[in-house]
2 protein chains.
Amino acid sequence: MLAGMSNVASGNSIASVAALIGDVARANILSALMGGLALTAGELAQFAGVTAQTTSGHLARLTDAGLIAMARQGRHRYYRLATPEIAQAMQALMAIAADGPKRHHPIGPRDKALRLARTCYDHLAGRLALALVDGWSAQGYVILADGAGLVTDEGRQFLGDFGIDLDAAPRSRHRPLCRTCLDWSERRPHLAGQLGAAVLGRLLELGWIARLPDTRALRITRTGEQGFVAQLHLAADWMERSAAAPGS
Amino acid sequence: MLAGMSNVASGNSIASVAALIGDVARANILSALMGGLALTAGELAQFAGVTAQTTSGHLARLTDAGLIAMARQGRHRYYRLATPEIAQAMQALMAIAADGPKRHHPIGPRDKALRLARTCYDHLAGRLALALVDGWSAQGYVILADGAGLVTDEGRQFLGDFGIDLDAAPRSRHRPLCRTCLDWSERRPHLAGQLGAAVLGRLLELGWIARLPDTRALRITRTGEQGFVAQLHLAADWMERSAAAPGS
DNA sequence: TCGACAGTTCGGCCGCCGCCGAAACATCGA
DNA sequence: TCGATGTTTCGGCGGCGGCCGAACTGTCGA
C-alpha cells in the first residue's frame, strides 16, 4: 500500500503557497510588485481591482505567509516582495501561464512597451535585455550557455569600467551573482541575479532608461539610445529595427 | 489613475495556474509526479488522499490546463508532468514552502532517505547530488558558480567516458543542457537540465542507484557505493560519513 | 460471455473564502 | 483641535469548488 509519502515540503505547504497566489486579486498584487518597486496599499488595490478593505485582507494574508514585506512610512504602508525566491516562483508561473491558453492576446501599445523593455522584479527584461546579453556574449564578457550564466574576467573588467563593481556586492550565499531568467514574452534567458540587479540599477542611475508610471515598462531615453550602442555593444542598428518592428 | 496595467501574462492566467496547484489534493498529485515517473490514476488517488472519482476530476482539470499529460496503456492511464517548466514551477514553490512555516518537521526515516538521494522530476537531488557536484567541481569538470553551471571540455570528455554523450542529445532550444536546481532539503544548487537527466538515467542504467517503491527516494546499491568513489570522484569517505550522519 | 477491476461521469451536499458596506483607527495638514 | 485621507477590522452575504455515493464505460482474464 502507498503509505502517503511523507514528503517533508509536502503538498500541504505547497498548496497553501500556491493557493495564496491562486486568487486573481492577489496574483495581480504580486504581479504589480514584480515591477520591483514597493507600492502602497492603495495603489495595490487599484491593480487588484478590488476595494481597499478587500485588498487589506489580501495584503495581511500575503504578509503572514512571508510572500511580501511591509514598511510603514507616514500614513502609507509600502509593500514589496519579501525575497527573490518569491519573484522566481512568480516568474516560473508566468512562464507556464504564458503559453497555455492560446496566444490570442490582442497586443496593445502597452504590451509593446512591456515587450521592448521592462523590469522583472530587480532586473531588466524584454528585448532590450536580450540584446544586451547577445552583445556581451559576442564580446566574450559573459558566457550564457544552456540557461546558465558566467561572467568572464574580461566581463568583470568591462562591467567595472561601466560602473558596476561585482566584487563590492556582499555576494550573499543565497543570492546568485549571475542567474538567468526565462521570461514569458520572448522565451529566451536573460541576465538576472545580483548582476542583473546591478545592471538595472546602473542604467537607471545613468538615466539611460526610465521607469514609466503605473507599469513595469521602461522607456529608453535619448542618452540611452546612444549609450547602449556606443558603450554596451548593442548592435548598431538595433534601435531602428526595434522601433520598426515592435510587435512580436 | 492606475489603468489596471494590461500585463499580457496577467494576474488572471497566473492565478488560474496557481489555483490549480493550490489545492492540497492536486498539489499532492503534482508532488508525486515530481518523482519523474508516470503514475496511474489509482496510485495518484492514494497520494492525493481522496477517492478515485475526486482524483479523476482533478486529473482532468490538470490535463486540460496542460500541467500534466496522459498516456493510455491497457486499462490503466499513466499521468506525468507535461513539461520541465511545470517541474520548475513546482520546484520554486517548494523552495518557498520549505522555509516558511518553521523547520519543525519531525524527521522520520523516510525523510532521511529522501534527503540522502532522490529524484527531482528527471534528475538527481539530495546530498548524493551535491556530493557529485562537489567532486566534479573539484576536478574541473563542471563550473558551478553563482547558481549557474557550465560543462568544461574535460568534463565533456569525462562524461563521455562514463557513458554520457552530451552531443548526442538533441539539445532542444527550450531545454537547457546544464541548469542548476536549488532544492528544499539542502538549499544548495545541484545539476539539473538535460545533463542532470542524463546522469540520473545513466546511474539507473548502471544499477548504481535504484528507485524505491512508492517514493521519490533512491537507494544506493553496493555496486554504486564503490563506483561513485572509484569513478565519479566522490570523496572516499563520503559513504561512511553519509551513513553515520544521515539527519541534517 | 461474464465477472473483476480501472477509470470516468453525474448529482447533490457542504464549507471555505472572496467580496463589500459600515465603522474604527492612524496620520497628516491647518 | 478638526476634517481629510490612507488603512484596517468587523459582520454578513453569496458563490465557487472540492468531496463523496452511485451509476456508467472500457479493458483484461478465463
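Numbers restart at 1 for each chain; the letters A, B, ... are given by sequence-line order, proteins then strands. Values below: every heavy atom of this structure, side chains too, minus hydrogens, waters and symmetry copies.
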Looking at CG of Leu128(B) and CD1 of Ile209(B), how far apart are the two atoms once the value is rounded to the nearest 0.5 Å?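 If I round to the nearest 0.5 Å, the distance is 7.0 Å.
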Rounded distance [0.5 Å steps], CG in Leu33(B) versus CG in Leu44(B):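 The CG atom of Leu44(B) is 5.0 Å from CG of Leu33(B), to the nearest 0.5 Å.
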Considering residues at least two apart in sequence or located in another chain, which fulfil the side chain to side chain contact (heavy atoms under 4.5 Å, CB included) criterion with [X]?
X	result
Val50(A)	Ala25(A), Ala48(A), Thr54(A), Thr55(A)
Ala198(B)	Ile164(B)
Ala210(B)	Arg219(B), Thr221(B)
Gln53(B)	Thr51(B)

Using a cut-off of 4.0 Å on non-hydrogen atoms, how would the nucleic acid contact of Thr55(B) be classed: base, sugar-phosphate, or nothing?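 Here Thr55(B) touches no strand at all.
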How is Ala41(A) classified with respect to the nucleic acid when contacts are heavy atoms under 4.0 Å: base, sugar-phosphate, or nothing?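 If one applies the 4.0 Å heavy-atom cut-off, Ala41(A) turns out to touch the sugar-phosphate alone, with no base involved.
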Would you confirm whether [X], through its side chain, and [Y], through its main-chain N or O, come within 3.5 Å as a donor-acceptor pair?
X	Y	value
Ser31(A)	Ala27(A)	yes
Thr63(A)	Leu59(A)	yes
Arg118(B)	Arg216(B)	no

Length of the line joining Gln46(A):CD and dG6(D):C1', which is rounded to integer Å: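 From Gln46(A) CD to dG6(D) C1': 13 Å.
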Rounded to whole Å, how long is the line connecting atom CG of Leu44(A) with atom P of dT7(D)?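 In whole Å, dT7(D) P lies 9 Å from Leu44(A) CG.
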Tell me, please, the opening and closing nucleotides of DNA chain C, 5' to 3', among those with an atom under 4.0 angstrom from a non-hydrogen atom of chain B.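 So the outermost contacting nucleotides come out as dA4(C) to dT9(C).
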Which residue pairs pass the side chain to side chain donor-acceptor pair (under 3.5 Å) test when at least one of the two sits in residues 64-83 of chain B, sequence neighbours left out?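 Only Thr83(B)-Glu85(B) qualify under side chain to side chain donor-acceptor pair (under 3.5 Å).
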Please list all pairs meeting ring-ring contact (aromatic ring centres under 6.0 Å, His included) that have one or both residues in residues 192-213 of chain A, counting only residues at least two apart or in different chains.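 Sorted result for residues 192-213 of chain A: Phe162(A)-Trp208(A), Trp208(A)-Phe228(A).
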Measure the angle between the two terminal helix axes of the helix from dT1(C)-dA30(D) to dA30(C)-dT1(D), five base pairs each, and quote it to 10°.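 For the helix from dT1(C)-dA30(D) to dA30(C)-dT1(D), the axes at either end differ by 30°.
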With the threshold set at under 4.0 Å for non-hydrogen atoms, list the residues of residues 73-81 of chain A touching DNA chain C in residue-number order.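 The answer is Gly74(A), Arg75(A).
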What pairs of residues pass the salt bridge (charged side-chain N to carboxylate O under 4.0 Å, His left out) test when at least one of them lies in residues 189-209 of chain B, not counting sequence neighbours?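 Output for this query lists Arg202(B)-Glu205(B).
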Which residue pairs pass the salt bridge (charged side-chain N to carboxylate O under 4.0 Å, His left out) test with at least one member in residues 14-24 of chain A, sequence neighbours excluded?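 Listed by first then second residue: nothing to list.
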So which protein N/O to nucleotides 13-18 of chain D N/O distances come out below 3.5 Å?
{"unit_1": "dG18(D)", "atom_1": "OP1", "unit_2": "Arg26(B)", "atom_2": "NH1", "d": "3.0"}
{"unit_1": "dG18(D)", "atom_1": "OP1", "unit_2": "Arg26(B)", "atom_2": "NH2", "d": "2.8"}
{"unit_1": "dG18(D)", "atom_1": "OP1", "unit_2": "Arg61(B)", "atom_2": "NH1", "d": "3.1"}
{"unit_1": "dG18(D)", "atom_1": "OP2", "unit_2": "Arg61(B)", "atom_2": "NH1", "d": "2.9"}

